[in-house]
Structure formats: structure tokens, C-alpha cells
Amino acid sequence: MLSRVLTDENRKRISDILFYLALTIELVLMIVEKSEIHIGFESYVFRVTFLLTLIAMVIMKRTKREWIVTSALMVFTFVCYELSGKNDLLRVAVFLMAARDIDLKKAMKYSFFVSLSGFSLIALLSILGVLGDIVRVADYGRGIPDEARLVLGFGHPNTLFGCVYVLVLMWLWIYGEKASLLMHAALILISFVFASLTKSRTGMIVLAMTLVLGLLIRLVPKISDFKALYVLEGLFIPGVCISTAVIAASYAGNFYTGIGLKIPRWFWRLEEIINYRISSLYYGVEDRGGVLHKWRLFAGHTADGYFDMGWVRLFYWYGIIPTALIVVAMLLVMYVCYKKRDMWTMLIILSVSVYTIVEATFVSRYIGRAFFLLIAGVYLGELIKGKNHD
């Protein structure tokens, strides 16, 4: 009886409904979190979305090979949860596996327009004087006591710019290949305006790089056929991101622990440029856990502090082995991009990876922030199933 009800078509329909319901809740929760509204029951909502995606994952028809991989991943992320007290990786793993059969273009468009609508509403409420400031004057640690920066109800200018950055990345992935040059120019202009008004220096540099490369891919589509570019990026991203995390955590451990080392002048200049993000690895959390010598193979329950520098936060929050698994998953997605000749997804991976060196926007409990998980879920699902992309 059950087998007649759970036909392949019904399995697909039910899992899609459950997945989109979970995705919608995650997106709405992320949008609310970006605003000046503060809620204290996120953990209960996360349990609901986890249950929805878990049911969607279980309902889906899988081969023996897929079930082996799924079971291994579930066990591993559950162990991470038990050791660290954070269920983030378990939730993400189930979300990825539940996303396997979605219409990726449709899901990305849905996420884009829900996010755009939510962010626009936050800005509108700010402009109308209902919720949040339009401009916030404060000392942002740059030596300017009363610096005015645009916030539009998002609480902090970097949060506002981060939302613009995410929308730009989604737009590039969805429309970049076929959009007119005029649309690309408009996107560059909008990005420049927000970058100037929020004065987010780091984000401005990464976004500028992304827009230039996006325009280059649009003008020279043949770039997508250059196999060497995929290989070079596959070597560049983990090499640069991991090494910068190790170096920053090492500097924090050597220069701020009071062991008497003389701090060179160039280091202070670097700290000034990145707004003292390295010092926050030491002073930003009670257990000083961001420094290199405190990294563990698996993070413990005490690793619950917050600081920028997202790659360091990955090692601190989850541990060396879980972060290594995240890097492997990223490389597997890049391998699928190589097989598909998908340079647009490679651009997103490059941009997010570099951005995460200094920012921790995407290292978060909020799955709704990480739109690229949709791509990863579909691509990893295809790889596990052994789908041929040639």
C-alpha cells in the first residue's frame, strides 16, 4: 500500500514541498536576523527546518551507494554535534542531501527574489522611520570618532553591504551569462553606490574583483572552456584561504599573548587596514580560541565566540577535521563545475572564499545566508549518483 502511494512522482512532489517550506523558513529567519528585530527562539525554528529537510531526504529514492554516503555523512556530522554542541554541520548536511533533485535555477531565483523582497522591506521601513536608522554615526574603529555610514535599517553598514553583495552574487549566477552589457553596467553602478555609502572597504575590493571577472566571463564566453582555469582555482582557493587563516591565527597567538615578542611596524599597518581583525582572534573571545595553538581536531563546547575572519572561525567553531571535510566538499563541487564547464559557479566559489578570509558572514547558524548550498546540494548529489557531465 505504501509503495503504491510513494511512487517516484509522489516522492519527488512531497520532498520538493518539504524542501521549499524549509528553505522559505530559513530565508525569512535570515531576513529578520538582518533587521533590527531580535528574536530568541531561532534554535526551535532550526529544529523545524531540520525535521522538514530530514523527512524530504528520507523520502527521496536513493541507490545503495547514495545511502552509504548519506549514512556516513550523517554519522560524521552527528559526532561533530556531540563534540562541539553545534548542530550546524548536521543541519547543513541534511539540507544538502534534501536539495539533490530540486530545479536549481528555479530555487536560486526563488531565493533571490525572497531575499530581495525582504531586504527591500527592511530598507523601506527604515526610510519611513518605522524600524532602524537610515544612517548611523559612530566610531567604527578607523580613527574617525563620528563617521557617518549608510545602514538602511540593517544595524551595521557592513551588514547592509553584505546583503547587497549576496544579491549581486545571486544575480550574476542566475542572469550574468545572458544579461545585456547594459544590465552588467547597471549592476556595477549600483554596487559602487552602496560601497561608497556604506564605506565597506574589504567588501568593496572583493565585489569589484567579482564584477570585473563576471564582466570578463560575459564578454569572453570561451573562458569557460579553459580547463587550466578550473585546476588553478582548485589549487588557489584552499591554498590561499587556509594559509591566510593559519598565518593570521599564528600572528594572533604570537603577538598578543604577552610573551615579549616585538610586534613589527608592518603588522600594525596590516591590522589598521583590516580593522584589527587579527587582534580579535585573541581578544574577541573569552577562551582566546582563535589563536593557532588552540585549534583542535574537533572543536569543543567552549568554542562559541564570534569574530571576523571566517576561515579562522571555521577551524575554531568546528575543528580541523570538519573544516578539511568542508574544503573537500568544495573541491568536489569545483570538479563538477569543471565537468560542466560552469565558470559562473566557479566565480561564486572564488568570490565567497576570498570574502570569507576577512568576513564571517557565511560561517553562520543561518542556512538562509548561504545561497550557494543550493548549488552544492545539486552538484554533490549528481556526483554521488555518478551522473555523467561529458
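Since the model is a prediction, treat every value here as computed from it, not as a measurement.
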ask   = According to a 4.5 Å side-chain heavy-atom criterion applied to Ile, Leu, Val, Met, Phe, Trp and Tyr, with indirect links allowed, do I205 and L350 form part of one hydrophobic cluster?
value = no
Practice problem: Flag the pair Y335 / Y379 as yes when their ring centroid distance falls below 6.0 Å, and as no otherwise. | Solution: no
Check your understanding: Just by modelled atom types, is the K294 backbone N or O under 3.5 Å from a matching donor or acceptor in the R296 side chain?
Key -> yes
**Asked** Is it true that a side-chain atom of R149 and a backbone atom of T198 form a donor plus acceptor pair closer than 3.5 Å?
**Response** yes
Does some side-chain heavy atom of L347 sit less than 4.5 Å from a side-chain heavy atom of I217?
-> yes
### Task
Look only at the side chain of E66 and the backbone of T63, and say whether a donor-acceptor pair between them is shorter than 3.5 Å.
yes
Would D308 and R277 pass as an ion pair if we require N to O under 4.0 Å? yes
Report task. Indicate yes or no for a side-chain donor-acceptor contact from S35 to the backbone of V32 under 3.5 Å, with no hydrogens or angles considered. Result -> yes
- Query: Would you say M346 and Y338 make side-chain contact, with heavy atoms under 4.5 Å?
  - Reply: no
query = Is a salt bridge present between E26 and R365, judged by a nitrogen-to-oxygen distance below 4.0 Å?
reply = no
* Is I190 reachable from I188 through a run of I, L, V, M, F, W or Y residues, each pair having side-chain heavy atoms under 4.5 Å apart? -> yes
Can you tell whether the side chains of R13 and D16 come within less than 4.0 Å, N to carboxylate O?
no
So OG of S43 and CZ of R47: to nearest 0.5 Å the spacing works out to 5.0 Å
On a heavy-atom basis, the closest approach of V363 and R313 is O-NH1, 2.9 Å
So CD1 of I274 and CD of E359: to nearest 0.5 Å the spacing works out to 10.5 Å
- Query: Mind checking whether F78 and L89 sit in one hydrophobic cluster, side chains of I, L, V, M, F, W, Y counted as touching below 4.5 Å?
  - Reply: yes
For I357 and W311 the tightest heavy-atom approach is N-CD1, 3.6 Å
message = For the backbone of V246 and the side chain of S250, can you confirm whether one donor and one acceptor N or O come within less than 3.5 Å of each other?
response = no
Check: For K12, does its backbone N or O pair with a side-chain atom of S15 as donor and acceptor, under 3.5 Å?
Finding: yes
message = Taking K109 first and then D103, would you say they form a salt bridge - that is, a charged N and a carboxylate O separated by under 4.0 Å?
response = no
Any donor and acceptor pair, going by atom type alone, linking the side chain of S71 with main-chain N or O of I68 inside 3.5 Å?
no
ask   = Any side-chain heavy-atom pair from E177 and W344 closer than 4.5 angstrom?
value = yes
- With the threshold set at 4.0 Å, does a side-chain nitrogen-carboxylate oxygen contact exist between R136 and E36? yes
Does atom NZ of K106 have more than 12 heavy-atom neighbours from other groups under 6.0 Å away? no
Minimum side-chain heavy-atom gap F298-S84 below 4.5 Å:
no
Problem - Ring centres under 6.0 angstrom apart (F194, F161) - result: no
Tell me if the aromatic rings of F95 and F19 count as close, with their centers under 6.0 Å from one another.
yes
Quiz item: Judged by atom type as modelled, is there a donor-acceptor pair below 3.5 Å linking the side chain of H184 to the main-chain atoms of L172?
Solution: no
So CD1 of I59 and CD1 of I14: to nearest 0.5 Å the spacing works out to 5.0 Å
Query raised in the report: Between F267 and Y251, how do the two ring planes meet: parallel, tilted or perpendicular, split at 30° and 60°?
Result: perpendicular
Donor-acceptor pair, distance only, cut-off 3.5 Å: does the side chain of H156 make one with the backbone of V151? no
For residues 203-219, the salt bridge (Lys or Arg N to Asp or Glu O under 4.0 Å) pairs (sequence neighbours left out) are none
#### Entry: K86 side chain to W317 backbone, donor-acceptor under 3.5 Å
yes
Residues pairing under side-chain hydrogen bond (donor to acceptor under 3.5 Å, both in side chains) where one sits in residues 116-128, two or more places apart or in two chains, turn out to be none
So CE of M330 and OG of S353: to nearest 0.5 Å the spacing works out to 4.5 Å
_Within a 6.0 Å radius of atom OH on Y81, are there more than 12 heavy atoms belonging to other residues, nucleotides or ligands?_
no
Distance col, row L52:CG vs L23:CG, nearest 0.5 angstrom, shows 11.0 Å
**Asked** Is the centre of the Y366 ring less than 6.0 Å from the centre of the F46 ring?
**Response** yes
For Y165 and S200, which I'm curious about, is there any donor-acceptor pair between the side chains at under 3.5 Å? no
message = Working note: D101 + R62, criterion salt bridge (Lys or Arg N to Asp or Glu O under 4.0 Å); need CA distance, chi angles, decisive distance, verdict.
response = CA-CA 11 Å; D101 294 334; R62 298 177 184 275; over 6 Å; no
With sequence neighbours left out, the residues meeting side-chain contact (heavy atoms from CB on, under 4.5 Å) with L54 are F50, M57, V58, M74, V94
| query | Between K339 and E382, is there a salt bridge with N-O shorter than 4.0 Å? | reply | no
Fill in: Any side-chain heavy-atom pair of I367 and L373 under 4.5 Å
yes
For this session: Measure the acute angle between the ring planes of Y20 and Y110, then classify it against the limits of 30° and 60° as parallel, tilted or perpendicular.
Result: perpendicular
Please tell me whether I127 and V135 are part of a single hydrophobic cluster in this structure, the criterion being side-chain heavy atoms less than 4.5 Å apart.
yes
